[in-house]
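These notes are about the structure you will find just below.
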Amino acid sequence: MTEGSVGCVTPQRQAFDAPLALASGASLPRWELAYETYGTLNAARSNAILVCHALSGYHHVAGHYADDPKNVGWWDNMIGPGKPIDTNRFFVVGVNNLGGCHGSTGPSSINPATGQPWGADFPIVTVDDWVNAQARLADALGIETWAVVMGGSLGGMQALQWTIDLPERVRHALVIAAAPKLTAENIAFNDVARQAILTDPEFHGGNFYRHNVRPVRGLRLARMLGHITYLSDDQMAEKFGRKRRPSAGSYGFGVEFEIESYLHYQGDKFAGYFDANTYLLMTKALDYFDPADAFDGDLAAALARAKAKFFIASFTTDWRFSPARSREIVNALVRNKQSVSYAEITSPHGHDAFLMDDHYYHAMVAAYVRNIKT
Amino acid sequence: MTTHTLKRSDFDVIASWMKPGESVLDLGCGEGELLQLLGERGLRGWGVERDPGLVLAAVENGVNVIQSDLEAGLAGFENDAFDHVVLSRTLQTMRHTQQILAEMLRVGREAVVSFPNFAYWKNRMAVLNGRMPVSEDLPYQWYDTPNVRFFTMLDFEGLCEGMGIVIRDRQVLEERGGIVTEEANFLGSLAVYRIGRGR
(Lines give C-alpha, C1' and ligand atoms only; values in the text may rest on other atoms or scores of the structure.)
Protein backbone atom coordinates (compact mmCIF):
# COMPACT_ATOMS: atom_id res chain seq x y z
CA MET A 1 0.00 0.00 0.00
CA THR A 2 1.62 3.20 -1.12
CA GLU A 3 0.79 6.38 0.67
CA GLY A 4 0.29 9.42 -1.40
CA SER A 5 -1.19 12.84 -1.67
CA VAL A 6 -4.58 13.56 -3.14
CA GLY A 7 -2.53 15.90 -5.31
CA CYS A 8 -3.77 19.13 -6.76
CA VAL A 9 -7.15 20.17 -5.39
CA THR A 10 -9.60 22.96 -6.15
CA PRO A 11 -11.79 24.64 -3.55
CA GLN A 12 -15.47 24.87 -4.37
CA ARG A 13 -18.38 26.94 -3.13
CA GLN A 14 -22.00 26.18 -2.51
CA ALA A 15 -24.52 28.98 -2.11
CA PHE A 16 -27.72 28.52 -0.11
CA ASP A 17 -30.68 30.80 -0.71
CA ALA A 18 -32.93 29.36 1.98
CA PRO A 19 -32.32 31.16 5.29
CA LEU A 20 -30.49 29.34 8.05
CA ALA A 21 -32.06 29.73 11.49
CA LEU A 22 -29.38 29.94 14.14
CA ALA A 23 -29.35 28.84 17.77
CA SER A 24 -29.13 32.48 18.88
CA GLY A 25 -32.49 33.22 17.25
CA ALA A 26 -30.84 35.14 14.43
CA SER A 27 -31.02 33.95 10.86
CA LEU A 28 -28.67 34.10 7.89
CA PRO A 29 -30.72 35.00 4.81
CA ARG A 30 -28.26 33.89 2.18
CA TRP A 31 -24.99 32.12 2.84
CA GLU A 32 -22.19 30.19 1.25
CA LEU A 33 -19.89 27.37 2.28
CA ALA A 34 -16.43 26.79 0.87
CA TYR A 35 -15.49 23.13 0.64
CA GLU A 36 -13.15 20.65 -0.98
CA THR A 37 -13.62 17.00 -1.87
CA TYR A 38 -11.16 14.17 -2.39
CA GLY A 39 -11.82 10.72 -3.81
CA THR A 40 -15.01 9.62 -5.55
CA LEU A 41 -18.52 9.30 -4.20
CA ASN A 42 -19.65 5.75 -4.97
CA ALA A 43 -22.93 4.88 -6.68
CA ALA A 44 -24.57 3.94 -3.38
CA ARG A 45 -23.34 7.24 -1.87
CA SER A 46 -22.23 5.22 1.12
CA ASN A 47 -18.55 6.15 1.27
CA ALA A 48 -18.67 9.82 2.26
CA ILE A 49 -16.59 11.19 5.12
CA LEU A 50 -17.05 14.67 6.54
CA VAL A 51 -13.96 16.24 8.11
CA CYS A 52 -14.77 19.04 10.56
CA HIS A 53 -12.13 21.61 11.35
CA ALA A 54 -10.95 23.03 14.66
CA LEU A 55 -10.46 26.62 15.76
CA SER A 56 -8.29 27.88 12.94
CA GLY A 57 -8.73 25.19 10.31
CA TYR A 58 -10.77 25.34 7.12
CA HIS A 59 -11.83 23.34 4.11
CA HIS A 60 -8.32 22.77 2.74
CA VAL A 61 -7.78 19.47 4.50
CA ALA A 62 -5.57 17.57 2.05
CA GLY A 63 -3.58 18.05 -1.12
CA HIS A 64 -2.26 21.33 -2.46
CA TYR A 65 -3.24 24.11 -4.83
CA ALA A 66 -1.88 24.38 -8.37
CA ASP A 67 -0.88 27.99 -7.86
CA ASP A 68 0.38 27.44 -4.32
CA PRO A 69 2.06 24.02 -4.05
CA LYS A 70 3.39 24.74 -0.56
CA ASN A 71 -0.12 25.26 0.80
CA VAL A 72 -0.70 21.68 1.90
CA GLY A 73 -3.98 20.75 3.64
CA TRP A 74 -3.96 20.76 7.43
CA TRP A 75 -4.68 17.03 7.77
CA ASP A 76 -2.75 15.85 4.73
CA ASN A 77 -0.89 13.23 6.80
CA MET A 78 -4.25 11.60 7.65
CA ILE A 79 -6.09 11.81 4.34
CA GLY A 80 -5.01 10.56 0.92
CA PRO A 81 -4.52 7.43 -1.15
CA GLY A 82 -3.34 4.65 1.18
CA LYS A 83 -3.48 6.92 4.22
CA PRO A 84 -5.61 6.21 7.33
CA ILE A 85 -8.53 7.98 5.65
CA ASP A 86 -7.98 6.27 2.32
CA THR A 87 -9.28 8.34 -0.58
CA ASN A 88 -9.09 5.24 -2.78
CA ARG A 89 -12.07 3.97 -0.75
CA PHE A 90 -13.72 7.10 0.59
CA PHE A 91 -15.12 10.37 -0.68
CA VAL A 92 -13.86 12.98 1.75
CA VAL A 93 -15.43 16.41 2.22
CA GLY A 94 -13.68 19.27 3.99
CA VAL A 95 -15.73 22.36 4.76
CA ASN A 96 -15.06 25.85 6.09
CA ASN A 97 -17.55 26.60 8.83
CA LEU A 98 -19.95 29.52 8.91
CA GLY A 99 -18.28 32.49 10.51
CA GLY A 100 -14.96 31.43 9.00
CA CYS A 101 -12.56 33.58 7.05
CA HIS A 102 -11.52 31.22 4.25
CA GLY A 103 -14.42 31.53 1.85
CA SER A 104 -17.54 30.59 3.78
CA THR A 105 -19.89 33.34 4.86
CA GLY A 106 -18.42 35.08 7.87
CA PRO A 107 -17.80 38.45 9.48
CA SER A 108 -15.52 39.56 6.67
CA SER A 109 -18.14 38.69 4.01
CA ILE A 110 -20.42 41.36 2.61
CA ASN A 111 -23.71 41.71 4.43
CA PRO A 112 -26.29 41.89 1.62
CA ALA A 113 -28.43 44.25 3.71
CA THR A 114 -25.73 46.91 3.93
CA GLY A 115 -23.28 46.21 1.18
CA GLN A 116 -20.56 46.39 3.85
CA PRO A 117 -18.66 43.58 5.64
CA TRP A 118 -20.77 41.99 8.38
CA GLY A 119 -18.20 42.77 11.06
CA ALA A 120 -19.79 43.06 14.49
CA ASP A 121 -23.24 42.36 13.04
CA PHE A 122 -22.39 38.81 12.07
CA PRO A 123 -24.48 36.58 14.34
CA ILE A 124 -22.92 34.26 16.90
CA VAL A 125 -22.80 30.72 15.52
CA THR A 126 -22.73 27.51 17.54
CA VAL A 127 -21.64 23.94 16.91
CA ASP A 128 -25.32 23.08 16.33
CA ASP A 129 -25.49 25.77 13.65
CA TRP A 130 -22.43 24.35 11.95
CA VAL A 131 -23.95 20.88 11.94
CA ASN A 132 -27.12 22.27 10.38
CA ALA A 133 -25.13 24.13 7.74
CA GLN A 134 -22.97 21.07 7.01
CA ALA A 135 -26.15 19.01 6.64
CA ARG A 136 -27.39 21.41 4.00
CA LEU A 137 -24.11 20.94 2.16
CA ALA A 138 -24.56 17.17 2.45
CA ASP A 139 -28.02 17.58 0.89
CA ALA A 140 -26.53 19.58 -1.96
CA LEU A 141 -23.87 16.91 -2.53
CA GLY A 142 -26.49 14.14 -2.49
CA ILE A 143 -25.14 12.57 0.68
CA GLU A 144 -27.96 11.24 2.84
CA THR A 145 -25.75 9.44 5.36
CA TRP A 146 -22.09 9.98 6.18
CA ALA A 147 -20.03 6.82 6.58
CA VAL A 148 -17.94 8.92 8.98
CA VAL A 149 -18.05 12.36 10.53
CA MET A 150 -14.70 13.12 12.11
CA GLY A 151 -12.58 15.85 13.58
CA GLY A 152 -10.06 16.82 16.23
CA SER A 153 -10.61 19.28 19.05
CA LEU A 154 -13.51 21.58 18.09
CA GLY A 155 -13.85 19.37 15.00
CA GLY A 156 -14.44 16.36 17.23
CA MET A 157 -17.14 18.30 19.02
CA GLN A 158 -18.93 18.79 15.70
CA ALA A 159 -18.71 15.05 15.04
CA LEU A 160 -20.26 14.42 18.46
CA GLN A 161 -23.00 16.98 17.81
CA TRP A 162 -23.79 15.35 14.45
CA THR A 163 -24.53 12.04 16.15
CA ILE A 164 -26.95 13.75 18.53
CA ASP A 165 -28.66 16.20 16.17
CA LEU A 166 -28.90 14.02 13.07
CA PRO A 167 -28.49 10.44 14.32
CA GLU A 168 -29.82 8.86 11.12
CA ARG A 169 -27.19 10.57 9.02
CA VAL A 170 -23.97 9.38 10.73
CA ARG A 171 -22.77 5.77 10.77
CA HIS A 172 -19.46 6.40 12.53
CA ALA A 173 -18.06 9.31 14.51
CA LEU A 174 -14.32 9.77 15.08
CA VAL A 175 -13.98 12.17 17.99
CA ILE A 176 -10.31 13.00 18.54
CA ALA A 177 -8.73 15.16 21.27
CA ALA A 178 -12.12 16.61 22.13
CA ALA A 179 -14.25 17.11 25.23
CA PRO A 180 -17.97 17.01 25.96
CA LYS A 181 -17.79 20.64 27.07
CA LEU A 182 -15.19 23.18 28.13
CA THR A 183 -14.02 23.53 31.70
CA ALA A 184 -13.90 26.91 33.44
CA GLU A 185 -10.14 26.93 32.82
CA ASN A 186 -10.70 26.42 29.10
CA ILE A 187 -13.28 29.19 28.92
CA ALA A 188 -10.85 31.37 30.84
CA PHE A 189 -8.15 30.87 28.22
CA ASN A 190 -10.65 31.73 25.50
CA ASP A 191 -11.73 34.84 27.35
CA VAL A 192 -8.17 36.14 27.65
CA ALA A 193 -7.72 35.53 23.93
CA ARG A 194 -10.92 37.41 23.17
CA GLN A 195 -10.02 40.27 25.48
CA ALA A 196 -6.73 40.65 23.65
CA ILE A 197 -8.70 41.21 20.44
CA LEU A 198 -11.61 43.18 21.90
CA THR A 199 -9.30 45.69 23.61
CA ASP A 200 -7.05 46.22 20.60
CA PRO A 201 -7.62 49.89 19.58
CA GLU A 202 -7.77 48.78 15.97
CA PHE A 203 -10.65 46.38 16.59
CA HIS A 204 -13.19 49.20 16.34
CA GLY A 205 -15.96 47.15 17.91
CA GLY A 206 -15.55 44.53 15.19
CA ASN A 207 -15.96 46.99 12.30
CA PHE A 208 -12.28 47.47 11.61
CA TYR A 209 -12.75 46.68 7.91
CA ARG A 210 -14.22 50.11 7.21
CA HIS A 211 -11.18 51.71 8.85
CA ASN A 212 -8.82 49.70 6.68
CA VAL A 213 -6.99 48.35 9.71
CA ARG A 214 -6.79 45.00 11.48
CA PRO A 215 -6.41 44.30 15.20
CA VAL A 216 -3.13 42.54 14.59
CA ARG A 217 -1.75 42.99 18.09
CA GLY A 218 -4.79 41.42 19.72
CA LEU A 219 -4.91 38.52 17.30
CA ARG A 220 -1.21 37.92 17.78
CA LEU A 221 -1.57 37.77 21.56
CA ALA A 222 -4.62 35.53 21.28
CA ARG A 223 -2.70 33.09 19.10
CA MET A 224 0.36 33.13 21.33
CA LEU A 225 -1.76 32.28 24.34
CA GLY A 226 -3.62 29.59 22.44
CA HIS A 227 -0.40 28.11 21.14
CA ILE A 228 0.98 27.69 24.66
CA THR A 229 -2.05 25.62 25.58
CA TYR A 230 -1.70 23.41 22.51
CA LEU A 231 1.81 22.28 23.45
CA SER A 232 2.97 20.22 26.41
CA ASP A 233 5.39 21.33 29.08
CA ASP A 234 7.67 18.38 28.25
CA GLN A 235 7.70 19.17 24.57
CA MET A 236 8.43 22.85 25.17
CA ALA A 237 11.24 21.92 27.52
CA GLU A 238 12.72 19.58 24.96
CA LYS A 239 12.28 21.86 21.96
CA PHE A 240 13.20 25.18 23.56
CA GLY A 241 14.21 24.70 27.16
CA ARG A 242 15.98 27.88 28.22
CA LYS A 243 17.83 28.24 24.96
CA ARG A 244 18.58 31.79 23.92
CA ARG A 245 18.87 33.48 20.58
CA PRO A 246 22.53 33.76 19.56
CA SER A 247 22.06 37.41 18.67
CA ALA A 248 19.99 38.25 21.74
CA GLY A 249 21.10 40.91 24.13
CA SER A 250 20.41 40.58 27.80
CA TYR A 251 19.01 42.60 30.69
CA GLY A 252 16.34 43.95 28.40
CA PHE A 253 12.90 43.10 27.10
CA GLY A 254 13.82 42.09 23.58
CA VAL A 255 13.38 38.61 22.17
CA GLU A 256 15.88 36.65 24.18
CA PHE A 257 14.64 33.11 24.78
CA GLU A 258 13.93 30.78 21.86
CA ILE A 259 10.42 30.13 23.13
CA GLU A 260 9.68 33.85 22.86
CA SER A 261 10.95 33.93 19.32
CA TYR A 262 8.84 30.88 18.43
CA LEU A 263 5.66 32.30 19.93
CA HIS A 264 6.18 35.66 18.28
CA TYR A 265 6.66 33.95 14.95
CA GLN A 266 3.50 31.87 15.39
CA GLY A 267 1.55 34.94 16.54
CA ASP A 268 2.74 37.10 13.65
CA LYS A 269 2.07 34.42 11.08
CA PHE A 270 -1.46 33.85 12.34
CA ALA A 271 -2.29 37.53 12.76
CA GLY A 272 -1.18 38.07 9.20
CA TYR A 273 -4.08 36.15 7.67
CA PHE A 274 -6.73 35.24 10.23
CA ASP A 275 -9.84 37.35 10.80
CA ALA A 276 -10.23 38.67 14.33
CA ASN A 277 -14.01 38.38 14.31
CA THR A 278 -13.76 34.78 13.18
CA TYR A 279 -11.43 34.07 16.08
CA LEU A 280 -13.97 35.53 18.48
CA LEU A 281 -16.78 33.47 16.97
CA MET A 282 -14.84 30.20 16.98
CA THR A 283 -13.82 30.53 20.63
CA LYS A 284 -17.38 31.42 21.57
CA ALA A 285 -18.69 28.34 19.76
CA LEU A 286 -16.24 26.30 21.84
CA ASP A 287 -17.43 27.91 25.06
CA TYR A 288 -21.11 27.31 24.28
CA PHE A 289 -20.63 23.69 23.26
CA ASP A 290 -22.37 21.52 25.85
CA PRO A 291 -24.74 18.95 24.35
CA ALA A 292 -25.59 17.63 27.82
CA ASP A 293 -26.91 21.01 28.96
CA ALA A 294 -30.37 20.35 27.53
CA PHE A 295 -30.42 17.06 29.47
CA ASP A 296 -29.73 18.42 32.96
CA GLY A 297 -26.03 17.91 32.39
CA ASP A 298 -26.47 14.19 31.67
CA LEU A 299 -24.17 13.44 28.74
CA ALA A 300 -25.39 9.85 28.44
CA ALA A 301 -28.95 11.14 28.06
CA ALA A 302 -27.78 13.52 25.34
CA LEU A 303 -25.96 10.74 23.49
CA ALA A 304 -28.76 8.19 23.91
CA ARG A 305 -30.29 9.19 20.58
CA ALA A 306 -27.04 8.65 18.66
CA LYS A 307 -27.03 5.69 16.30
CA ALA A 308 -23.42 6.02 15.23
CA LYS A 309 -20.55 3.83 16.33
CA PHE A 310 -17.79 5.80 17.98
CA PHE A 311 -14.03 5.93 17.91
CA ILE A 312 -12.67 8.24 20.59
CA ALA A 313 -8.99 9.12 20.93
CA SER A 314 -7.02 11.31 23.30
CA PHE A 315 -3.35 12.09 23.84
CA THR A 316 -1.52 11.62 27.12
CA THR A 317 0.09 15.08 27.27
CA ASP A 318 -2.96 17.01 26.05
CA TRP A 319 -3.89 19.21 28.99
CA ARG A 320 -6.24 21.49 27.05
CA PHE A 321 -8.58 18.55 26.36
CA SER A 322 -7.15 15.86 28.59
CA PRO A 323 -7.74 12.11 28.27
CA ALA A 324 -10.10 12.33 31.25
CA ARG A 325 -12.41 14.52 29.15
CA SER A 326 -12.52 11.92 26.38
CA ARG A 327 -13.21 9.26 28.99
CA GLU A 328 -16.33 11.19 29.98
CA ILE A 329 -17.62 10.64 26.45
CA VAL A 330 -16.57 6.98 26.48
CA ASN A 331 -18.21 6.35 29.84
CA ALA A 332 -21.45 7.96 28.71
CA LEU A 333 -21.51 5.78 25.58
CA VAL A 334 -20.76 2.60 27.52
CA ARG A 335 -23.46 3.51 29.99
CA ASN A 336 -25.86 3.62 27.04
CA LYS A 337 -24.48 0.30 25.74
CA GLN A 338 -23.38 2.06 22.54
CA SER A 339 -20.52 0.89 20.35
CA VAL A 340 -17.30 2.67 21.21
CA SER A 341 -13.57 2.11 21.04
CA TYR A 342 -11.15 4.38 22.83
CA ALA A 343 -7.44 4.89 22.34
CA GLU A 344 -5.35 6.88 24.78
CA ILE A 345 -2.30 7.62 22.70
CA THR A 346 1.09 8.26 24.25
CA SER A 347 2.43 11.43 22.69
CA PRO A 348 4.71 14.29 23.76
CA HIS A 349 2.88 16.79 21.55
CA GLY A 350 0.06 18.00 23.79
CA HIS A 351 -3.21 19.03 22.16
CA ASP A 352 -1.53 19.49 18.80
CA ALA A 353 -0.82 15.75 18.72
CA PHE A 354 -4.04 15.17 16.80
CA LEU A 355 -2.44 16.90 13.81
CA MET A 356 0.88 15.07 14.05
CA ASP A 357 2.12 12.14 12.05
CA ASP A 358 2.26 9.49 14.77
CA HIS A 359 2.54 5.87 13.68
CA TYR A 360 0.38 4.33 16.42
CA TYR A 361 -2.27 7.05 16.21
CA HIS A 362 -2.57 6.69 12.46
CA ALA A 363 -2.52 2.89 12.66
CA MET A 364 -5.43 3.12 15.12
CA VAL A 365 -7.52 5.36 12.86
CA ALA A 366 -6.63 3.21 9.84
CA ALA A 367 -7.65 0.02 11.67
CA TYR A 368 -10.97 1.47 12.74
CA VAL A 369 -11.80 2.93 9.34
CA ARG A 370 -10.76 -0.22 7.46
CA ASN A 371 -13.63 -2.09 9.13
CA ILE A 372 -16.21 0.43 7.91
CA LYS A 373 -18.29 -0.97 5.08
CA THR A 374 -18.97 1.28 2.10
CA MET B 1 4.82 -11.79 25.58
CA THR B 2 1.14 -12.23 26.17
CA THR B 3 -1.27 -14.89 27.26
CA HIS B 4 -3.61 -13.88 24.51
CA THR B 5 -1.78 -15.74 21.78
CA LEU B 6 -2.57 -19.05 23.47
CA LYS B 7 -5.42 -21.27 22.49
CA ARG B 8 -8.12 -20.19 24.88
CA SER B 9 -9.71 -23.34 26.22
CA ASP B 10 -11.58 -21.33 28.85
CA PHE B 11 -13.58 -19.37 26.26
CA ASP B 12 -16.14 -22.11 25.64
CA VAL B 13 -16.72 -22.44 29.36
CA ILE B 14 -17.14 -18.68 29.74
CA ALA B 15 -19.48 -18.46 26.76
CA SER B 16 -21.59 -21.31 28.12
CA TRP B 17 -22.49 -19.16 31.13
CA MET B 18 -23.86 -16.31 29.02
CA LYS B 19 -26.99 -15.78 26.96
CA PRO B 20 -27.64 -13.86 23.74
CA GLY B 21 -28.69 -10.28 24.37
CA GLU B 22 -26.66 -9.99 27.55
CA SER B 23 -23.88 -7.46 28.02
CA VAL B 24 -20.32 -8.28 28.96
CA LEU B 25 -17.22 -6.33 29.97
CA ASP B 26 -14.01 -8.23 29.23
CA LEU B 27 -11.13 -6.98 31.36
CA GLY B 28 -7.71 -7.49 29.81
CA CYS B 29 -9.43 -8.38 26.54
CA GLY B 30 -6.21 -8.67 24.54
CA GLU B 31 -6.94 -8.86 20.83
CA GLY B 32 -10.64 -9.28 21.54
CA GLU B 33 -11.04 -12.98 20.63
CA LEU B 34 -13.49 -13.66 23.45
CA LEU B 35 -15.52 -10.61 22.51
CA GLN B 36 -15.61 -11.78 18.91
CA LEU B 37 -16.84 -15.20 20.02
CA LEU B 38 -19.46 -13.68 22.29
CA GLY B 39 -20.48 -11.23 19.56
CA GLU B 40 -21.11 -14.15 17.22
CA ARG B 41 -23.37 -15.58 19.91
CA GLY B 42 -25.44 -12.43 20.16
CA LEU B 43 -23.93 -10.73 23.20
CA ARG B 44 -22.93 -7.08 23.34
CA GLY B 45 -19.41 -6.61 24.59
CA TRP B 46 -16.77 -4.06 25.53
CA GLY B 47 -13.15 -4.82 26.30
CA VAL B 48 -10.63 -3.06 28.48
CA GLU B 49 -6.97 -3.37 27.53
CA ARG B 50 -3.85 -1.50 28.56
CA ASP B 51 -1.31 -2.69 25.99
CA PRO B 52 -1.29 -0.40 22.90
CA GLY B 53 -0.47 -3.20 20.46
CA LEU B 54 -3.34 -5.31 21.76
CA VAL B 55 -5.74 -2.35 21.66
CA LEU B 56 -4.80 -1.86 18.03
CA ALA B 57 -5.35 -5.57 17.32
CA ALA B 58 -8.74 -5.44 19.04
CA VAL B 59 -9.77 -2.45 16.92
CA GLU B 60 -8.60 -4.38 13.85
CA ASN B 61 -10.78 -7.25 14.99
CA GLY B 62 -13.75 -4.92 15.08
CA VAL B 63 -14.62 -5.21 18.77
CA ASN B 64 -15.30 -2.39 21.21
CA VAL B 65 -12.13 -1.80 23.19
CA ILE B 66 -11.29 0.85 25.76
CA GLN B 67 -7.65 1.59 26.40
CA SER B 68 -7.25 1.73 30.17
CA ASP B 69 -5.19 0.26 33.00
CA LEU B 70 -7.16 -2.12 35.20
CA GLU B 71 -4.92 -1.40 38.16
CA ALA B 72 -6.54 2.05 38.20
CA GLY B 73 -9.89 0.37 38.85
CA LEU B 74 -13.17 0.57 36.99
CA ALA B 75 -14.17 4.02 38.17
CA GLY B 76 -15.61 5.03 34.79
CA PHE B 77 -18.20 2.27 34.85
CA GLU B 78 -21.46 2.49 36.74
CA ASN B 79 -22.84 0.03 39.27
CA ASP B 80 -24.61 -2.95 37.67
CA ALA B 81 -23.69 -1.72 34.20
CA PHE B 82 -23.08 -5.20 32.77
CA ASP B 83 -24.63 -8.64 33.03
CA HIS B 84 -21.15 -10.19 33.13
CA VAL B 85 -17.64 -8.98 33.80
CA VAL B 86 -14.85 -11.30 32.67
CA LEU B 87 -11.27 -11.44 33.87
CA SER B 88 -9.73 -14.22 31.82
CA ARG B 89 -6.20 -15.34 32.74
CA THR B 90 -5.42 -11.90 34.07
CA LEU B 91 -6.02 -11.96 37.85
CA GLN B 92 -2.56 -13.42 38.44
CA THR B 93 -1.01 -10.42 36.65
CA MET B 94 -2.67 -7.85 38.89
CA ARG B 95 -1.41 -6.37 42.15
CA HIS B 96 -4.75 -5.09 43.44
CA THR B 97 -6.43 -8.48 43.64
CA GLN B 98 -9.20 -7.71 46.09
CA GLN B 99 -9.90 -4.31 44.58
CA ILE B 100 -10.47 -5.69 41.09
CA LEU B 101 -12.70 -8.50 42.34
CA ALA B 102 -14.81 -6.00 44.29
CA GLU B 103 -14.93 -3.65 41.30
CA MET B 104 -16.00 -6.46 38.95
CA LEU B 105 -18.91 -7.32 41.20
CA ARG B 106 -19.80 -3.65 41.51
CA VAL B 107 -20.12 -2.98 37.78
CA GLY B 108 -21.33 -6.49 36.86
CA ARG B 109 -24.32 -8.53 37.96
CA GLU B 110 -21.89 -11.43 38.09
CA ALA B 111 -18.29 -12.08 37.17
CA VAL B 112 -16.17 -14.76 35.56
CA VAL B 113 -12.57 -15.25 36.63
CA SER B 114 -10.14 -17.73 35.12
CA PHE B 115 -6.58 -18.28 36.26
CA PRO B 116 -3.78 -20.85 36.15
CA ASN B 117 -3.90 -23.16 39.16
CA PHE B 118 -0.51 -23.14 40.83
CA ALA B 119 -1.40 -26.39 42.62
CA TYR B 120 -1.73 -28.33 39.34
CA TRP B 121 0.26 -31.52 39.81
CA LYS B 122 2.84 -30.67 37.15
CA ASN B 123 3.47 -27.33 38.83
CA ARG B 124 3.86 -29.10 42.17
CA MET B 125 6.30 -31.53 40.52
CA ALA B 126 8.34 -28.68 39.10
CA VAL B 127 8.66 -27.05 42.50
CA LEU B 128 9.46 -30.41 44.12
CA ASN B 129 12.21 -30.75 41.54
CA GLY B 130 13.46 -27.35 42.58
CA ARG B 131 12.31 -25.24 39.63
CA MET B 132 9.49 -22.77 39.07
CA PRO B 133 6.83 -24.32 36.82
CA VAL B 134 6.57 -23.58 33.12
CA SER B 135 3.52 -25.07 31.45
CA GLU B 136 0.73 -24.52 28.94
CA ASP B 137 -1.11 -22.25 31.39
CA LEU B 138 1.99 -20.82 33.10
CA PRO B 139 4.12 -20.35 30.00
CA TYR B 140 6.68 -17.88 31.32
CA GLN B 141 10.12 -18.07 32.79
CA TRP B 142 10.23 -16.62 36.30
CA TYR B 143 12.34 -13.67 35.16
CA ASP B 144 10.07 -12.76 32.28
CA THR B 145 6.52 -13.21 33.47
CA PRO B 146 3.60 -10.79 33.65
CA ASN B 147 2.32 -12.82 36.58
CA VAL B 148 2.78 -11.26 40.00
CA ARG B 149 0.43 -13.45 42.08
CA PHE B 150 0.78 -17.20 42.35
CA PHE B 151 -2.19 -18.93 43.96
CA THR B 152 -4.23 -22.10 43.92
CA MET B 153 -7.90 -22.88 43.59
CA LEU B 154 -8.12 -23.36 47.35
CA ASP B 155 -6.47 -19.98 47.87
CA PHE B 156 -8.95 -18.29 45.54
CA GLU B 157 -11.93 -19.96 47.17
CA GLY B 158 -10.63 -18.87 50.55
CA LEU B 159 -10.35 -15.29 49.38
CA CYS B 160 -13.89 -15.37 47.99
CA GLU B 161 -15.19 -16.62 51.30
CA GLY B 162 -13.31 -13.91 53.13
CA MET B 163 -14.72 -11.24 50.81
CA GLY B 164 -18.27 -12.55 50.98
CA ILE B 165 -18.21 -13.57 47.32
CA VAL B 166 -20.45 -16.44 46.29
CA ILE B 167 -19.10 -19.05 43.88
CA ARG B 168 -21.97 -19.91 41.53
CA ASP B 169 -20.17 -22.25 39.18
CA ARG B 170 -16.74 -23.71 38.59
CA GLN B 171 -15.13 -25.48 35.68
CA VAL B 172 -11.63 -26.87 35.84
CA LEU B 173 -9.55 -27.71 32.79
CA GLU B 174 -6.46 -29.81 32.28
CA GLU B 175 -3.61 -28.58 30.09
CA ARG B 176 -5.19 -29.62 26.81
CA GLY B 177 -8.53 -28.10 27.72
CA GLY B 178 -10.32 -31.26 28.83
CA ILE B 179 -12.74 -30.99 31.74
CA VAL B 180 -11.44 -32.13 35.13
CA THR B 181 -14.14 -33.64 37.34
CA GLU B 182 -12.29 -34.86 40.42
CA GLU B 183 -9.27 -33.83 42.48
CA ALA B 184 -9.60 -30.48 40.77
CA ASN B 185 -6.92 -28.63 42.74
CA PHE B 186 -4.47 -31.39 41.83
CA LEU B 187 -5.48 -32.28 38.27
CA GLY B 188 -6.69 -28.85 37.15
CA SER B 189 -4.31 -26.58 35.21
CA LEU B 190 -6.78 -23.76 34.58
CA ALA B 191 -9.73 -22.84 36.79
CA VAL B 192 -12.78 -20.90 35.65
CA TYR B 193 -15.16 -19.48 38.26
CA ARG B 194 -18.53 -17.81 37.99
CA ILE B 195 -18.94 -15.60 41.04
CA GLY B 196 -21.51 -13.22 42.46
CA ARG B 197 -22.11 -10.93 45.37
CA GLY B 198 -22.93 -12.54 48.68
CA ARG B 199 -26.19 -11.93 50.46
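Residue numbers begin at 1 in each chain, while the letters A, B, ... track the order of the sequences. Because only heavy atoms are used, hydrogens play no part in the values below, and waters and symmetry mates are left out as well, while side chains stay in.
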Should A/I143 and A/F91 be marked as a side chain to side chain contact (heavy atoms under 4.5 Å, CB included) after you check the CA-CA gap, both sets of side-chain angles, and the distance that decides it?
-> CA-CA 10 Å; A/I143 297 162; A/F91 176 67; 3.9 Å; yes
Side chain to side chain contact (heavy atoms under 4.5 Å, CB included) between B/S189 and B/K122: does it pass, once the steps are laid out?
-> CA-CA 8 Å; B/S189 175; B/K122 282 190 185 174; over 6 Å; no
Would B/R41 and B/D12 count as a salt bridge (Lys or Arg N to Asp or Glu O under 4.0 Å) if you check the C-alpha gap in whole Å, the side-chain angles of each, and the deciding distance to 0.1 Å?
-> CA-CA 11 Å; B/R41 297 187 184 192; B/D12 286 332; 3.8 Å; yes
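Interface summary for chain A: among B/V65, B/I66, B/V63, the most heavy-atom pairs under 4.5 angstrom belong to B/V65.
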For chain A against chain B, give me the donor-acceptor pairs closer than 3.5 Å, one per line with atom names and distance.
residue: B/R44; atom: NH1; partner: A/K337; partner atom: O; Å: 2.4
residue: B/R44; atom: NH2; partner: A/S339; partner atom: OG; Å: 3.3
residue: B/W46; atom: NE1; partner: A/Q338; partner atom: O; Å: 3.0
residue: B/P52; atom: O; partner: A/Y360; partner atom: OH; Å: 2.9
residue: B/V59; atom: O; partner: A/N371; partner atom: ND2; Å: 3.0
residue: B/E60; atom: O; partner: A/N371; partner atom: ND2; Å: 3.0
residue: B/V63; atom: O; partner: A/S341; partner atom: OG; Å: 3.2
residue: B/N64; atom: OD1; partner: A/V340; partner atom: N; Å: 3.0
residue: B/V65; atom: N; partner: A/S341; partner atom: OG; Å: 3.0
residue: B/V65; atom: O; partner: A/Y342; partner atom: N; Å: 2.7
residue: B/Q67; atom: N; partner: A/Y342; partner atom: O; Å: 2.9
residue: B/Q67; atom: OE1; partner: A/E344; partner atom: N; Å: 3.0
residue: B/Q67; atom: OE1; partner: A/Y360; partner atom: OH; Å: 3.4
residue: B/Q67; atom: NE2; partner: A/E344; partner atom: O; Å: 3.4
residue: B/S68; atom: OG; partner: A/R327; partner atom: NH1; Å: 3.3
residue: B/E78; atom: OE1; partner: A/R335; partner atom: NE; Å: 3.3
residue: B/A81; atom: O; partner: A/K337; partner atom: NZ; Å: 2.3

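Side chain of B/R197 to main chain of B/L105: a donor-acceptor pair is present (N/O by atom type, distance under 3.5 Å, no hydrogens or angles). In this structure, the side chain of B/T93 does not engage the main chain of B/L91 through any donor-acceptor pair within 3.5 Å. Side-chain atoms of B/N185 never come within 3.5 Å of backbone atoms of B/A119 as a donor-acceptor pair (strictly under, hydrogens ignored).
Applying side chain to side chain contact (heavy atoms under 4.5 Å, CB included) to A/P84 and the options A/L174, A/I79, A/V365 leaves one that passes, A/V365.
Heavy atoms closer than 4.5 Å to chain B are found in both the backbone and the side chain of A/V340.
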